[in-house]
Trainee: 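One structure, pasted below without further comment.
Read the numbers this way: they start at 1 and go in the same order the structure lists the ligands and their atoms. All heavy atoms count here, side chains included; hydrogens, waters and symmetry mates do not.
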Amino acid sequence: MKLTHTIARVLENKRENRILSISPDQTVYEAIKKMAEYGVGALMVMSDNQLLGIISERDYARKVVLQGHVSKDILVREIMTTAVVSVNPWRPVDECLAIMTEHRFRHLPVMENDAVVGVVSLGDVVKWIISEQEEVIHELEDYVVGSYPC
Ligand code: AMP
């Protein structure tokens, strides 16, 4: 397993590389409903294919629930994070992990020529590392069996 492989490899490993998004003018309730429907923790906030921000369950917890607001009364644009940190597909996996750890967030849009080409979560990276490790173990097992025939 090489953490110097590109993040594009992690995207390729995902069962579905879909970009789940929401409009800034939809309500937070609609955003949370969509996250629950697709089993994800964050959505890209997009308008005309342009990335305007990101909204995650953490934004909902901190900026809606904790403030005593009601999700149906608050728009996505009011609580989204606009300073989105993204990477290009050639960024090494270890650097992407470092970015997420340093900024304490779990989602990273992958962008190419100003277009979002995928989104990786910390969970996707962990899953990729585990599957790569399994591959290395199988290769080592084959090597050991091949080297020491009974
Ligand atoms: P998360 O850990 O992804 O649920 O997000 C924690 C906080 O960081 C939330 O306020 C998100 O809006 C924000 N956030 C998540 N991903 C990013 C990102 N790639 N760039 C900037 N902010 C982000």
Trainee: Give the atom numbers and elements of ligand 1 that come within less than 4.0 Å of a heavy atom of P109.
Mentor: 19 (N)
Trainee: For a 4.5 angstrom cut-off between non-hydrogen side-chain atoms, does T82 reach M80?
Mentor: yes
Trainee: With a 3.5 Å distance limit and no angle check, can you tell me whether Q67 reaches the backbone of V64 through a side-chain donor-acceptor pair?
Mentor: no
Trainee: Tell me whether R106 has any N or O atom under 3.5 angstrom from an N or O of ligand 1.
Mentor: yes
Trainee: Do other residues, nucleotides or ligands put more than 12 heavy atoms under 6.0 Å from F105 CZ?
Mentor: yes
Trainee: Give me the residue, atom name and distance of the protein heavy atom closest to atom 5 (O) of ligand 1.
Mentor: S56 OG, 3.3 Å
Trainee: I need the nearest protein heavy-atom contact for atom 22 (N) of ligand 1: residue, atom name and distance, please.
Mentor: T81 CG2, 3.5 Å
Trainee: Does M44 reach the side chain of I54, with side-chain heavy atoms less than 4.5 Å apart?
Mentor: yes
Trainee: Starting from atom 16 (N) of ligand 1, find the nearest protein heavy-atom neighbour and note its residue, name and distance.
Mentor: H107 O, 3.2 Å
Trainee: With heavy-atom distances below 4.0 Å as the criterion, list the atoms of ligand 1 near V84.
Mentor: 20 (N), 21 (C)
Trainee: I'd like to know if the side chain of K14 reaches the main chain of V119, judged simply by a donor and an acceptor atom lying under 3.5 Å from each other, with no hydrogens or angles considered.
Mentor: yes
Trainee: For atom 8 (O) of ligand 1, grab the closest protein heavy atom and report residue, atom and distance to one decimal in Å.
Mentor: F105 CB, 3.5 Å
Trainee: Would you say R58 touches ligand 1, if touching means a heavy atom closer than 4.0 Å?
Mentor: yes
Trainee: Does the N17 side chain pair with the main chain of V117, one donor and one acceptor, at a distance under 3.5 Å?
Mentor: yes
Trainee: Is there a side-chain contact between Y60 and S71 in this structure, where contact means two heavy atoms from C-beta onward sitting under 4.5 Å apart?
Mentor: yes
Trainee: Considering only the protein, which heavy-atom contact is closest to atom 20 (N) of ligand 1, and what is its distance?
Mentor: V85 N, 2.8 Å
Trainee: Just by distance, with hydrogens left out, do E134 and S131 show a side-chain donor and acceptor under 3.5 Å apart?
Mentor: no
Trainee: At the 4.0 Å heavy-atom cut-off, does A83 count as touching ligand 1?
Mentor: yes
Trainee: For ligand 1, is any non-hydrogen atom under 4.0 Å from D59's backbone (N, CA, C, O), its side chain (CB onward), both, or neither?
Mentor: side chain
Trainee: Would you please determine whether G41 falls within less than 4.0 Å of ligand 1 on a heavy-atom basis?
Mentor: no
